[in-house]
Amino acid sequence: MASKIRESILHALSSGEDNYFSGQELADKAGCSRTAIWKHIEDLRSSGFLIESKRKKGYRLLGKADELNESNLLVGLKTSVLGRKIHYYESVESTQKIAHALAQEEAPEGTLVIAEEQVSGRGRMARNWYSPKGTGIWMSLILRPALPPQKAPQFTLIMAVAVVEAIQKVCDLQVDIKWPNDLLIKGKKITGILTELQADSEQIHSLIIGTGINVNQSESDFAEDIRDIATSLKIESDRTFSRATIVQEILKNLERYYDIYIKEGFEPIKEIWEQYAVTIGKHITARTINKEISGYAAGITNEGVLKLVDETGKTHLIYSADIE
Ligand code: BTN
């Protein structure tokens, strides 16, 4: 009930431009008392919503705490490089596409492209990535590590660890990693990561790490055909989260792990990744674009490639696949 009242208040206050709503009007809409409205308004304010109250007029929403714009993201951001340059959009085809163009125009390392909505969000293996307005995190980060292109898959795994730990800290939810790029809560997908690169045969020019996180969607926000396989942080906890806080936590974690990676290599991060991974140590089927191999997932290589041992004992190196 509490979250329904909160939603009803936010819905009303967001519905008209510059409109005031009296406590009684909000109470009628939410089906509760004026005292309950007052209490929820206080709660919303402490979550960061700017709500004005004026005598004889009522309440008015001045600012949505949860917009992912540059100022909301920069206030309280604890990084030196990542996310220090932000390109924010209301609606884009794909943040990945914009980040590729910016990377070619020499955008600095750590540049973040983030949008409220993507109308042609892209997933792995040419799939679509559903990115509805204002409810999730749709972002692409540009990194410029001086490394050969074979190292690129490691960055999907580094980002996975950064996101898992951010969700644990901000939302108190346990997240599992399914190799290579899926983050799951109770078996349902919460996050996908798409790492792409601009490189020559010797060196990476730029890495574009695209991350999609389902945050504040309700079950009815997902199309019926994906309700069984996808979930959101809100569905799993019955709470709404500040997307900006999650982004800030991810960037902070990633900067720390990126630093460790540059100084000590992939090994320390691989160890942490393995603690969260559900794929390893199981019998699985890997579907690549042109074949299907079943076997035992023995671990990942230092490059982040999956080692799959088939029934004859032969080890296959899987670079990209769907896992079942
Ligand atoms: C997957 O699991 O298939 C990867 C999904 C990656 C989605 C993100 S959302 C932000 C960025 N922009 C895109 O178009 N895709 C990535």
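Nothing fancy with the numbering, it's 1 onward along the sequence. Quick caveat: nothing in here was measured; it's all calculated off a predicted structure. One-based numbering, in listed order, for ligands and for the atoms of each. These values consider heavy atoms only, across backbone and side chains, with no hydrogens, waters or symmetry-generated copies.
No path of Ile, Leu, Val, Met, Phe, Trp and Tyr side chains, each step under 4.5 Å between heavy atoms, connects L194 with L207, placing them in separate hydrophobic clusters.
Side chains of S120 and E93: a donor-acceptor N/O pair is absent below 3.5 angstrom, by distance only. Y257 and E165 form a side-chain donor-acceptor contact under 3.5 Å, judged by distance and modelled atom types alone. A donor and an acceptor atom, one from each side chain of T156 and R124, are nowhere located under 3.5 Å apart. Inspection of the E117 and Y89 side chains reveals no N or O donor paired with an N or O acceptor under 3.5 Å.
Each of I300, I284, L306 was evaluated against I318; a single residue qualifies, L306, per the side chain to side chain contact (heavy atoms under 4.5 Å, CB included) test.
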Polar pairs, ligand 1 vs protein, N/O only, below 3.5 Å.
unit_1   : atom_1 : unit_2 : atom_2 : d
ligand 1 : 2 (O)  : N181   : ND2    : 3.2
ligand 1 : 2 (O)  : K189   : NZ     : 2.6
ligand 1 : 3 (O)  : R124   : N      : 2.6
ligand 1 : 12 (N) : T95    : OG1    : 3.1
ligand 1 : 12 (N) : Q118   : OE1    : 2.8
ligand 1 : 14 (O) : S94    : OG     : 2.7
ligand 1 : 14 (O) : Q118   : OE1    : 3.4
ligand 1 : 14 (O) : R122   : N      : 2.7
ligand 1 : 15 (N) : R122   : O      : 2.7

